[in-house]
There are 2 protein chains.
Amino acid sequence: MLTKQQLEEFEAEAGMMYLDHISIDCVVFGFHEGQMKVLMLKSNNEEAWYLPGGFVMKQEPIEVAANRILATRTGLDKVFLKQFHVFGDPDRSKIHNEMYSEVLPAGNNFFTQRFISIGYYALVDFFNVIPTPDVFSEICTWRDLDDLPKFQLDHELIFRTALDTLRLQLSYQPIGYNLMPKEFTMPELQKLYETILGKKLDRRNFQRRILGFGILNKLEQTRKGGAHKAPYLYSFDLKKYQAALKEGLKSGW
Amino acid sequence: MLTKQQLEEFEAEAGMMYLDHISIDCVVFGFHEGQMKVLMLKSNNEEAWYLPGGFVMKQEPIEVAANRILATRTGLDKVFLKQFHVFGDPDRSKIHNEMYSEVLPAGNNFFTQRFISIGYYALVDFFNVIPTPDVFSEICTWRDLDDLPKFQLDHELIFRTALDTLRLQLSYQPIGYNLMPKEFTMPELQKLYETILGKKLDRRNFQRRILGFGILNKLEQTRKGGAHKAPYLYSFDLKKYQAALKEGLKSGW
DNA sequence: TCAAAAGTGTTTTTGATACACCCATGT
DNA sequence: ACATGGGTGTATCAAAAACACTTTTGA
């Protein structure tokens, strides 16, 4: 938690560096132990959690800003990041505004203005992320998709919209390269799809379809140590994967 | 074309009314005589055309702003309007900035600041639109999709992104209610799809598929006066249409 | 040795595509 | 009467969905 003085200093600096009225919020999806996760933050003296976010520097492209914000929260560079919606209700930051206007001097100041937030969602490799709190929080950690906390502001809407977009994306784009480790088994990849979609898929049909996309390399080795028959390992064929991203998986018409 | 004084007055007013740094651009699609059209504007003393656009009032939701901007250019209220992308490159309004900084006093002024533009696309009934120029232009008119003029700024990118989004949309959402008149024939609807997609479709398969969606009502009457067999008239079943919008037309997985 | 997970099929159903025939209408 | 566009139907093919059997492995 910031002291009043720290907040005032930060406010003054922010007003110099950043564009007014524009913020960025990121929904960072990760996958671990068969569970879909979102990266979230929390301050010790608030109950509700919020999404990683930030502002756009005066001469910075918004994509660069989103990457920078993500990098500072995760330690990651160059991840899959996609703009999905703009949240522009004038009341969306009301509670926040009221909170800060108690602490900060009245009148124009950076934090109490109206913000229009550009939503990005990211797909990242769980193991590479080093969750890093921002200046407003002490806690930055993964939350299970089926055990979500109370959200601040409209962050629940932002999260839900991101998830819906991701699900839709799944039907015409390959997904997984950014979420899975280098090598993985077919059941592991299936679990990812099932988690995103929130439903069970047929093992055999899933395998046929995924292989049909032609974006996987089957490796020689198997994943040993499991309690049952050892599954084969696969990796993504990056070239073909990226081609599929461009072309799309099915034409529609 | 505005005089220098008019521009200065408008600038001062805009700075009071509107949020800094945020603009809205609309790609308005219409359909007439088997041709897809976009609504565009042009000033007499500039060569390049631009898209209908505007700014967000200080306490106005962005959806409301987009609707207001559209309403002032078309006379329409409550049309299909969808946010599709944010354009946030710091150089995107460079040329504009330079242009205005010649005319307007140096230093901070509304028109020479950096703008991040929220792109909306609209699907409207051609016949209901009354194209209305804005304060910067004398011409506001429909342009054929296959006879497009030179664009200002990054408006070509905005237009192309809108078209791509619309095409993608077509594969998982019904379209047409907002573009077609109340009553229409199957060949007319097919022409719409063909124009959006930029390719020919099989007459019989198209009909089967569209009817399969269950969003059309077949009317008793036929469209007479044509030089051939009179085609049946159809209308959209609004209830089922909106349900299909929500559900999507195919699941994917 | 057996339960559970994984590999590898086949059958069935559905939807997309391609194609054929007849009907109505204005010239 | 005929060319043209429109209504309706069928054959074919490919992909999705449903389903079955065998293999491997640790407990």
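Chain identifiers are assigned alphabetically (A, B, ...) following the order of the sequence lines, protein sequences preceding nucleic acid strands; residue numbering begins at 1 within each chain.
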Original post:
If you measure only the distance, is there a donor-acceptor pair under 3.5 Å linking the side chains of B/D25 and B/Y121?
Top reply: no

Assign each of B/P187 and A/G225 the nucleotide of DNA chain D bearing its closest heavy atom; nearer the 5' end lies the nucleotide of B/P187

Between [options], which one does the side chain of [X] approach most closely?
X	options	answer
B/R208	C/dT17, C/dC23, D/dT24	C/dT17
A/Q207	C/dT8, D/dG6, C/dT25	C/dT8
B/K229	D/dT8, C/dT25, D/dG5	D/dG5
A/H228	C/dT25, C/dA5, D/dT8	C/dA5
B/N205	D/dG6, C/dG9, C/dT17	C/dT17

Whole-Å distance between [N] [atom2] and [X] [atom1]?
X	N	atom1	atom2	value
A/Q190	C/dG7	CD	P	10 Å
B/I210	D/dT8	CD1	C1'	17 Å
A/L219	C/dA6	CG	P	17 Å
A/L201	D/dA15	CG	P	19 Å
A/K224	C/dA6	NZ	P	16 Å
B/R209	D/dT8	CZ	P	20 Å
A/R223	D/dT25	CZ	P	15 Å
A/K200	D/dA18	NZ	C1'	18 Å

Report task. Confirm from the modelled atom types if B/R203 and D/dG5 form a donor-acceptor pair under 3.5 Å, side chain to base only. Result -> no

For the base of C/dA20, is there a side-chain donor-acceptor partner from B/R204 under 3.5 Å away? yes

**Asked** Does B/K191 reach the main-chain N or O of B/T195 with its side chain, forming a donor-acceptor pair under 3.5 Å?
**Response** no

- Using modelled atom types only, decide if a donor and an acceptor are shared between the side chain of A/D144 and the backbone of A/D147 within a distance under 3.5 Å. no

By nearest-nucleotide position on DNA chain C, the 5'-leaning member of A/D202 and A/A230 is A/A230

Residues passing the ring pair (Phe, Tyr, Trp, His ring centres under 6.0 Å) test with B/H155, sequence neighbours excluded, are none

**Request:** Check whether the ring centres of A/F126 and A/W142 lie less than 6.0 Å apart, and answer yes or no.
**Result:** yes

Under-4.0 Å side-chain N/O to phosphate OP1/OP2 contact, A/K218 with C/dT8: yes

